[in-house]
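Keep in mind that what you see is a predicted model, and the values were worked out from it rather than measured. When reading the values below, keep in mind they use all heavy atoms of this one structure, side chains included, and skip hydrogens, waters and symmetry mates. Sequence lines set the chain letters: A, B, ... in the order given, protein chains first and strands last, and positions in each chain run from 1.
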Amino acid sequence: MKLGIPSITLFARDAKATGKAQIIVQFFYYGLLALAIWQMMNADRYLYLNTDDFSPIGPVFWMRLLPYQHAVYLVLSIFLTFSLVAATCFRYRFGRVFGFLAVLQFSAYDSSFGHPSHLWYLWLYGAFWFLFLPKTWNIKSQTTPDRRIFLLVIWSSQALVLLTYSMSGFHKVIGAIYQISKGEIHAFSPLAFALHVADTMVTVKQPDNIVGNIFLQYPLAGWPLMLIGEYMLFFSFFVVIRPSLQKLWGIGLILFHIINDMVFRISFYQSPILLAILFFDSPFVRDGITLNDIIADLPIFGWMWRVTVMKKFKR
Amino acid sequence: MLYRVLKGFSLSVLVVYFFVGVYANYVIEHASGDTSQIYPFASWGLFQRVPNTRSKFTFRILKAGEQILSPPVYFSEAQAYYTKRGNWPSNDEGRVRLLAEAIQNADAIQVKKFRTELEKNFIINPTVYEIVFFSINPLEFIHNGSVRELVVYAQFTSGKDL
């Protein structure tokens, strides 16, 4: 079965799909609360930042009016209390508005150091889409149009999150084509990963980065990781119309973040949590998916699988 | 009706987000050299080209207190001599670039400003350092410290002549 937006109507007839969607919303706000608690408990990392470049942007303009450390405690408090309201009242739109404001405030603060920080963007986009959830939460009271809207909101948040990964992959492929045309080492080259590691280390020397140093000692070891990563990033958006792949892509993208953290010290710990919530038990995955279905749905390789192995077995 | 409106809005957001990202990445950033991000949007153009060579302004330390450093220690290696602060080290490198531009423009006020900001992070004083422009292959640089091109812009001693 192929899923495009119109198929949401089919899923809306099944209360089970909406039930899964509700669990996603519930865990989204629990996850947000956990992140807010974590930030508050690690307040020191924000309190003692160099404030030379600190210039509060629009949503946190009020931070200009207070001494820096007081303003930080206030923004952390807003993040925590608003997330708490959202986690307890996510069934109501006002609760979800609090959730949106919570992540808006904190992400704006995080982006107030001279350049935007996109660490919290995916949570912000999710919280934005969830504002559009229908009023009626009780599945038994929900009409089919309510369920369609519910599922469309979940689909939209999944699609926007996956689009960001595909955009990252898209830019890498364009960059690779450009570098191939210039005769340079490009994203598909065996040394590409090691060069990225070395370049990051030149930007910020990390003598205690054991994993990064291993890839400098064995430059070819990172090649397969680079190729798999580029494949998964580029085709992330494709998963929106191939829901059988959502769990696999969720796992893959989480590993991508973990490897980035270990090798490059680029810590996107917020995103893996969101990926697990959105894609580990998606409402758009039908029951009884087999490994064969998953392989057959893979971009490029699935097509090869279908025209070779599956065709052979059909005969 | 509401479903159709929301569906149209959702698809529009996806299309607009993608094209704004592409525009920001390939037009705005290349035209202004600025980062292609406007809160809360991002082009997600991360690691998009493999750094065959890295050319940039940086600094290198020649002497820290009484200790002469030979060969000189570059910013990326200077954690024993320079405290990086802020949530992203590129802030420091951005400051070095601005200092180099001020030196080029003979703008004494800006030179003083950026030197002051930079020098407060030196751990040992006085530190003798140079503002340089260098080109490297990152792997070669990490493995044997080789620099392909080096232009020295100025030499300073922290706290002196400010």
What part of [X] gets within 4.5 angstrom of chain B, counting heavy atoms only: side chain, backbone, both, or neither?
X: Trp120(A); value: neither
X: Leu216(A); value: both
X: Tyr178(A); value: side chain
X: Phe128(A); value: side chain
X: Gln179(A); value: side chain
X: Phe237(A); value: side chain

With a 4.5 Å heavy-atom cut-off, do [X] and [Y] have their side chains touching?
X: Pro145(A); Y: Tyr3(B); result: no
X: Phe170(A); Y: Trp44(B); result: no
X: Phe41(B); Y: Pro116(A); result: no
X: Phe193(A); Y: Val50(B); result: no
X: Met201(A); Y: Pro138(B); result: no

*Check for a donor-acceptor pair, side chain of Asp199(A) on one end and backbone N or O of Pro51(B) on the other, with a separation under 3.5 Å.*
no

*Got more than 12 heavy atoms from elsewhere within 6.0 Å of CD, Glu66(B)?*
no

_For the OH atom on Tyr269(A), are there more than 12 heavy atoms of other groups (residues, nucleotides or ligands in this structure) within a distance under 6.0 Å?_
yes

Can you measure from [atom1] ([X]) to [atom2] ([Y]) and round to the nearest 0.5 angstrom?
X: Ile185(A); Y: Arg49(B); atom1: CD1; atom2: CZ; answer: 15.0 Å
X: Leu195(A); Y: Leu139(B); atom1: CG; atom2: CG; answer: 4.5 Å
X: Lys172(A); Y: Leu46(B); atom1: NZ; atom2: CG; answer: 5.5 Å
X: Thr164(A); Y: Tyr17(B); atom1: OG1; atom2: OH; answer: 6.0 Å
X: Arg148(A); Y: Lys7(B); atom1: CZ; atom2: NZ; answer: 7.5 Å
X: Arg4(B); Y: Ile149(A); atom1: CZ; atom2: CD1; answer: 12.5 Å

Below 4.5 Å, heavy-atom pairs only: which of [options] has the largest tally toward chain B?
options: Arg45(A), Glu184(A), His196(A); result: His196(A)
options: Ala108(A), Ala159(A), Ser166(A); result: Ala108(A)
options: Pro219(A), Ser189(A), Gly169(A), Ser107(A); result: Ser107(A)

*Step through it carefully: locate the ring centre of Phe9(B), locate the ring centre of Phe132(A), and say whether they are under 6.0 Å apart.*
yes

*Might you work through the side-chain contact (heavy atoms from CB on, under 4.5 Å) test for Tyr26(B) and Ile174(A), ending with a clear yes or no?*
CA-CA 10 Å; Tyr26(B) 296 107; Ile174(A) 298 292; 3.4 Å; yes

*Anything under 30° is parallel, anything over 60° is perpendicular, the rest tilted; go ahead and classify Phe47(B) against Phe264(A).*
tilted

*Exercise: do His118(A) and Tyr39(B) side chains pair donor with acceptor under 3.5 Å*: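 The criterion, which ignores hydrogens and geometry beyond distance, is not satisfied for Tyr39(B) and His118(A).
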
*For His171(A) and Asn25(B), which heavy atoms make the closest approach, and how far apart are they?*
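Where His171(A) meets Asn25(B) most closely, the heavy atoms are ND1-ND2, 3.3 Å.
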
*By a 4.5 Å heavy-atom criterion (distance strictly below it), what part of Val13(B) contacts chain A: side chain, backbone, both, or neither?*
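It is the side chain, since no backbone atom gets that close.
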
*Are Asn52(B) and Lys182(A) close enough, and set up right, to give a side-chain contact (heavy atoms from CB on, under 4.5 Å), and what steps lead you there?*
CA-CA 11 Å; Asn52(B) 287 242; Lys182(A) 294 274 183 185; over 6 Å; no

